[in-house]
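I have placed the structure first, in the form of structure tokens, so that the comments after it can refer back to it.
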Amino acid sequence: MVELRADARRNRERVLDAAEEVFAASGPDASVDEIAKRAGVGHATVFRRFPTKDDLVFAVVERHVAQMHALAKDALRSDDPGAAFFAFVRGIGELVMSTPGLHACVVHCGEKPGAAELDELGRKIVARAQKAGAVRKDVAPTDVQLLVRSALTTAPEGQW
């Protein structure tokens, strides 16, 4: 990748920040014009950095998944695997529910950037919590994913 000039880097970050806000509120159907306006750049600037809207969605999802990776890595560094497991689950819930449109963007992407690594981190978090006796041995990491996803998608608004 070619190194961008400082102003181009700033514009790219402003576009990503604006896209994250707009997609979080409206999902992948949000307007690129609205993103450009919120970023304070022209429509062409958005497309210069992200040739298609899907490229922009993918870049925002990458950021979102990176936040989840950070939560997972924090959990794995914790001295208390049980508390770390529950903090991780709650942190993921808070992140997803604070940016509901980003979940629709994740679904829209199809291929999830960083998903395999996140799944592996999740398996380690569950295994550590099981070894510590905080999570039952018969609970699979996929069970945890399903339970969290169910809680987040079926709870009344604001009550996940």
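Below, each value reflects all heavy atoms present in this structure, side chains not excepted, and no hydrogens, waters or symmetry copies. All values reported here derive from a predicted model rather than from experimental measurement.
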Shortest non-hydrogen contact from Leu95 toward Met68
CD2-CG, 3.6 Å
Would Leu76 end up clustered with Val126 when hydrophobic side chains under 4.5 Å apart are linked, directly or stepwise?
yes
Return the CZ to CE distance between Arg90 and Met97, rounded to the nearest 0.5 Å.
11.5 Å
Salt-bridge contact Glu13-Arg10 (side-chain N to carboxylate O under 4.0 Å)
no
Minimum heavy-atom separation for Arg128 to Ala75, with atom names?
NH1-O, 2.9 Å
Asp74 (side chain) donor-acceptor with Leu71 (main chain) under 3.5 angstrom
no
Taking every non-hydrogen atom, the tightest pair across Phe23 and Leu56
CE1-CG, 4.0 Å
Checking salt bridge (charged side-chain N to carboxylate O under 4.0 Å, His left out) against Glu21, which of Lys37, Arg38, Arg63 comes through?
Arg38
Answer yes or no: are there more than 12 heavy-atom neighbours, outside Arg136 itself, under 6.0 Å from its atom CZ?
no
Does Leu146 belong to the same Ile/Leu/Val/Met/Phe/Trp/Tyr cluster as Phe86, with side-chain heavy atoms less than 4.5 Å apart forming each link?
no
Counting only N and O atoms by type, is there a donor-acceptor contact under 3.5 Å from the side chain of Thr52 to the main-chain atoms of Asp55?
yes
Could you state the interatomic distance from CD (Glu120) to CD1 (Ile125), rounded to the nearest 0.5 Å?
10.5 Å
Taking all heavy atoms of Leu16 and all of Ala59, pick out the closest pair and write down the distance.
CD2-CB, 3.6 Å
Hey, could you give me the CZ/CZ distance between Arg9 and Arg49, rounded to the nearest 0.5 Å?
10.5 Å
Derivation of the side-chain contact (heavy atoms from CB on, under 4.5 Å) call for Val32 and Phe50:
CA-CA 11 Å; Val32 173; Phe50 305 96; over 6 Å; no
From CA spacing to verdict: side-chain contact (heavy atoms from CB on, under 4.5 Å), Val41, Arg14:
CA-CA 8 Å; Val41 300; Arg14 286 175 34 204; 3.9 Å; yes
Gln145 side chain vs Asp119 backbone, donor-acceptor pair below 3.5 Å:
no
For the CD atom of Gln67 and the CD1 atom of Ile92, what is their distance to the nearest 0.5 Å?
9.5 Å
Examine distances only and state if a side-chain atom of Lys53 and a backbone atom of Ala30 form a donor-acceptor pair shorter than 3.5 Å.
yes
Does Phe88 share a hydrophobic cluster with Leu147, counting links as ILVMFWY side-chain heavy atoms below 4.5 Å and allowing steps through other members?
no
Where do Ala36 and Val46 come nearest, in terms of heavy atoms and distance?
CB-CG2, 3.7 Å
Exercise: identify the closest heavy-atom pair between Gln130 and Lys137
O-NZ, 3.1 Å
